[in-house]
Each structure stands twice: as C-alpha cells, then as structure tokens.
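Per chain, numbering begins at 1; letters A, B, ... match sequence-line order. Quick caveat, the model's predicted, so the values are computed rather than measured. Every heavy atom of this structure was used, including side-chain atoms; hydrogens, water molecules and symmetry mates were not.
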Protein chains: 2
Amino acid sequence: MVSRVESAAATRRALVDAATELLDEGGPEAVTLRAVGARAGVSRGAPYGHFPDKEHLLGAVAEESWTIIGDGLDKLIADRSLPPAERLERALTGLMEVGRRRPHAYALMFAAPVDQNPGAVEAVSRTHDQFLTIVAELADDPGPIGALLMTSVHGIVAMENSGHLTPEKWNTTGDALLKLLIARIA
Amino acid sequence: MVSRVESAAATRRALVDAATELLDEGGPEAVTLRAVGARAGVSRGAPYGHFPDKEHLLGAVAEESWTIIGDGLDKLIADRSLPPAERLERALTGLMEVGRRRPHAYALMFAAPVDQNPGAVEAVSRTHDQFLTIVAELADDPGPIGALLMTSVHGIVAMENSGHLTPEKWNTTGDALLKLLIARIA
DNA sequence: GTTCTTCATGTGACGTTGTCATATGAACGA
DNA sequence: TCGTTCATATGACAACGTCACATGAAGAAC
C-alpha cells in the first residue's frame, strides 16, 4: 500500500465504510464530514479529494447497499434447486430484513439523490432487473406484478420503520402483510 | 387583534403557514427558521416562543397535513350516496394525489418525528381510523386489508416521488398499480 | 540522481444553521 | 398607576458544509 493509487483507493474505502457505520449507528445526523474523516483516520477535508460533496459520498453508501442486495439476488437466481415461488418470497423477505436491520441505510437507498451517481443508478437498475427476472418465472407480464410487489413491500417497510404500522392499530404485522401480499398478487 | 393571546395565536398560525409554504416550494432544505421568521414577518427567534425547537414546528406542519386528509375522508364517509367500493378508491386516490401535489409535505407526514407531537399522533390516528371505517364496509377483517392497502399505496407514492418507479423500467404506472392493487386486495 | 509535476491530504477561514441568554416593550391584573 | 407576564428582537456561540491554500510525498522527465 505504498503506491499513490492504492493509498487513495484505501482512503476512499475507509471513507465509505466510516460513513456507512456512522449512518447505521446514529442515523443521518451522525454522518458529518468531520466524524467520517475522524473515523477513517483522515481530516475533515479529505473527502473532497474523492467526492464532489457530501451528497455524493452518501450516494456511494447507497450504491454499495444496493450492490449487496443485488449480490444476494444473484445467489438466489443461481440456485436452481429453489422453486420459483420460494425464490420470490426469499427476495421480498430479504429486502424486508435489510429495512429492519439497517433502517437508515434502507431509507437512504430509497431517497432521491441516487440520480446524481451513475454507479448508484446502475446498481439500482441491476437489482430491479434481477427482481423482474425472479418475478418473470411466475407471471407472464412481470412488470406490473413486480412493481406492485416491490412498491408494496417498500411501503410496509417504510411505514414499519416510521412507526405508522403498529399492530395495535392495524391488527396485523409486517410479516403477515407480506404473506397476504404474496398470496393475493403473485 | 390587539389582545395578547390573539396576537400570539396569529403569529403561530403565520409561522406554520410560512413553514408549510417554504416546504412545498423548496423542499426541506428551504425551511430554515430564519426564512420561516422572515416570511411570517417576525424574527428568527420568534418560533421558540411557540415551539420547543424546529422539529416541533415541522410536526405542526405534518399534523395539519394529516388533518386536511382526515377532513377529506370525513366528507367521503358522510356521503352515503357513494357505493363502498367507490369510497375506498377515492380515499386511496386522494392520498396519492397529495403525494404528487405536495411531495415534500407528504414525505414529512410519513417521517418518524410525529411521535413527539401529541396533536400529530392523534391526527394520524384519526385518519387511520377513518380509513379503517371505509375498508370495514368491504372487508370483514378490515385491519390487515386496510393496512396492506395503505402501505402499498404509500410504497407506490414513495417510489414514484423518489424516482424508483419509472414506466420504462416497470412497464406500468402508479395509477395502473393502484387499480391492480384494488382489484386484487379489496 | 536530480528536478519538476501531480495530487491526496491537512489546515485555516467563511457563511449558514439551530439554539440559547438576555434585553425590551407592550398587554394584563391589582 | 404600578408591577408582572410574556411574546418578540437581538447578540452570541458551536457545529456544519465547503472552499482556498499550503504541504509533502509519489511518479515522471531528463
């Protein structure tokens, strides 16, 4: 790690990792450029050597989260021993689990500024394509069905995380809603 | 408007109105306490005479948006000439239209900090109850069905507003998804 | 091997933000 | 008429994102 490009790449990695950790641990307001720099072992101005601004650093965090989900879907698609219905359920459950385990990163993934980062746009597009591939094994016209499944699961996760989906009020849970959704749509 | 309580109430109204307008016009980053004070005709410190902090001011904005939706549902419920299915469709369409016409206010409504404001909590609870009332005319167990309808519509609106639901990718539109949702769930 | 260039990084500075302490002045009760 | 109360104005402060500039080492040119 003496070469200049290696050192720069390592710093960039450390910055994205630090931002990801801070986001998961303390939410968006914990992700300040000063805190990111401190955790990555560099100064507060170092990120500007790798990203135009803070928004693009967060875009890199979102891109990586999308890529992780895409990798999971890849394994799911590659496993030909799974029946199509099981594959679909696991794909939707996986998205839900990310939303529960990493709520702040999940919210960032579904936030708008993804448009600015070409890499993030492709990571999202890839994941959507993979999901459509899984749905295509069950539906003739996978677009609308896939879209309704993904938007609905996203709505369940979003309202769960924001406290708008309480069992006392709705007499149900996110898990039950997911099952109901699959039964009626897929 | 010479009495002290009247003047204070008028200022509070002007502050909430100013914050709402700034949010609708320029998004969350446009809502600074200085800008709110300037538009309301008071100083930047005036909000602290009416709200503990900025978050509670935004909570008042969210509460009012929820109340407006609740008033719309009230009219819908009172109109007994409408068939139940039509009532449900109008309720869901109305929510969708708010999400499209006032995306920033809509995002605020479904953000977490509602918990801090008792008034906002009740405004949300009232709207949910009204929606469940409408669903109860069509389903025996309105809880899960109502929850799935509301979360799904919210997911459609959220992904539409964040640019994750493009017709090119999914070969469908939010309106078509809403129709499909009603046909399969309600 | 020496010199020049490049570029990631550190540091000081600036404007903006939310927030608090304090001052002020007008509306109320006595 | 005199205190009291309280909404509002103002000055100040720390934290933030961002920029200009300095620095120092890696790589290229000779």
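- Between B:Tyr48 and A:Arg44, the residue anchored closer to the 5' end of DNA chain D is B:Tyr48, taking for each the nucleotide with the nearest heavy atom.
- In terms of phosphate contacts, B:His50 brings a side-chain nitrogen or oxygen within less than 4.0 Å of OP1 or OP2 of D:dT8.
- Distance alone, capped at 3.5 Å, places no donor-acceptor pair between the B:Ser152 side chain and the B:Leu149 backbone.
- At C:dA8, none of the side-chain N or O atoms of A:Ser7 fall inside 4.0 Å of OP1 or OP2 (strictly under the cut-off).
- Distance, A:Leu22 CG to D:dC16 P: 11 Å, rounded to whole Å.
- B:Asp53 has its CG atom 5 Å from the P atom of C:dT19, to the nearest Å.
- Both A:Gly45 and A:Thr32 lie close to DNA chain D; mapped to their nearest nucleotides by heavy-atom distance, the more 5′-ward contact belongs to A:Thr32.
- Rounded to an integer number of Å, the gap from CG of A:Leu33 to P of C:dG10 is 13 Å.
- For B:Lys54, counting side-chain heavy atoms from C-beta on, the closest listed nucleotide (D:dT8, C:dG10, C:dG18) is C:dG18.
- For A:Glu29 and D:dA14, the CD to C1' distance is 17 Å, given to the nearest whole Å.
- Distances from the side chain of B:Ser43 to the nucleotides D:dT8, C:dG10, C:dG18 place D:dT8 closest.
- With respect to B:Glu63 and B:Arg126, no salt bridge is recorded, no charged nitrogen being found less than 4.0 Å from a carboxylate O.
- Residues A:Asp140 and A:Ile145 are not in side-chain contact: their nearest non-hydrogen atoms beyond the backbone lie 4.5 Å or more apart.
- Counted by atom type alone, B:Ser81 and B:Asp79 present one or more donor-acceptor pairs between their side chains at under 3.5 Å.
- If you take CZ of B:Arg4 and C1' of D:dC6, they are 5 Å apart, rounded to a whole angstrom.
- When the P atom of C:dG12 is taken as reference, atom CZ of A:Arg34 falls 12 Å away, rounded to whole Å.
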